[in-house]
Visitor: 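My questions will all concern the structure given below.
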Amino acid sequence: MRISENIRTSFNQDGAVLMDIQGGSMLTLNPIGSIIWQQLSDGRSPEQIAEHLALEFGISREQTLADVNEFVEQLQAQHLIDPSERQDLRVNLGPKPTGLFCNLFGRRSSHVAQDRGPK
């Protein structure tokens, strides 16, 4: 996986904010989503990330792998990551993710702030 070159990341105690500087949108990640994002950024595979989360949170490896793969698919659908050798991911998943990380992200648009004008 490769993080899109248009994405900037800001981490905080609540998770992370991903900013698409080309598309003008922002995405928030909860703490688990930010762990996955950071590990993807570090070059780890979904399988390695799932193993880490399974050990850290005491969840079955099969469940965490399914959830990590679903999250990665959502990141791809939002054009936040580009697949490298992995071409077997589904792209059209519908409006919201489900499963363990169902509240990983909420979309915000920076266009709203631009419409307000100067203060």
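In this chain, residues are counted from 1 in sequence order.
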Visitor: If you compare all heavy atoms of Ser34 against all heavy atoms of Phe11, which two are closest, and at what distance to 0.1 Å?
Guide: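 Heavy-atom minimum between the residues: O-CE2, 3.8 Å.
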Visitor: List for me each residue that meets salt bridge (Lys or Arg N to Asp or Glu O under 4.0 Å) alongside Glu51, sequence neighbours excluded, and say none if there are none.
Guide: Arg61
Visitor: Name all pairs fulfilling the side-chain hydrogen bond (donor to acceptor under 3.5 Å, both in side chains) condition that reach into residues 3-12, sequence neighbours left out, sorted by first residue then second.
Guide: Asn6-Gln22, Thr9-Trp37
Visitor: Looking only at heavy atoms, what is the nearest atom pair of Ala50 and Thr64, with distance?
Guide: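 Nearest heavy atoms, Ala50 then Thr64: O-OG1, 3.3 Å.
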Visitor: Distance from Ile59 atom CD1 to Asp67 atom CG, nearest 0.5 Å?
Guide: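 Going from the CD1 atom of Ile59 to the CG atom of Asp67 covers 7.5 Å.
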Visitor: With a 4.5 Å cut-off on side-chain heavy atoms, are Leu80 and Ile3 touching?
Guide: no
Visitor: Nearest 0.5 Å please: distance from the CD1 atom of Ile32 over to the CZ atom of Phe71.
Guide: 10.5 Å
Visitor: Hey, could you give me each pair passing salt bridge (Lys or Arg N to Asp or Glu O under 4.0 Å) that has a residue in residues 26-43? Not counting sequence neighbours.
Guide: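 Found Asp42-Arg44.
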Visitor: Going from CD1 on Ile49 to CD on Gln38, what distance comes out if it is rounded to the nearest 0.5 angstrom?
Guide: 10.0 Å
Visitor: Applying side-chain contact (heavy atoms from CB on, under 4.5 Å), name anything that partners His79, two or more places apart in sequence or on another chain.
Guide: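 None.
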Visitor: Go through the steps for Leu40 and Leu75 under the test side-chain contact (heavy atoms from CB on, under 4.5 Å), then give the verdict.
Guide: CA-CA 11 Å; Leu40 286 170; Leu75 293 173; 3.7 Å; yes
Visitor: Does some side-chain heavy atom of Ile36 sit less than 4.5 Å from a side-chain heavy atom of Leu53?
Guide: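 Yes - at least one pair of side-chain heavy atoms lies under 4.5 Å apart.
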Visitor: Do Met26 and Ile21 sit in one hydrophobic cluster, given that two such residues count as connected whenever their side-chain heavy atoms are within less than 4.5 Å of each other, even indirectly?
Guide: no
Visitor: Is there a path from Leu65 to Leu55 through hydrophobic residues (I, L, V, M, F, W, Y) whose side chains come within less than 4.5 Å of each other?
Guide: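 In one cluster with Leu65: Leu55, no.
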Visitor: Side chains of Met19 and Val17: closer than 4.5 Å at any heavy-atom pair?
Guide: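 Answer yes - side chains close enough.
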Visitor: Is it true that the side chains of His52 and Gln48 contain a donor and an acceptor less than 3.5 Å apart?
Guide: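 There is no such pair (donor and acceptor under 3.5 Å, judged by atom type) between the side chains of His52 and Gln48.
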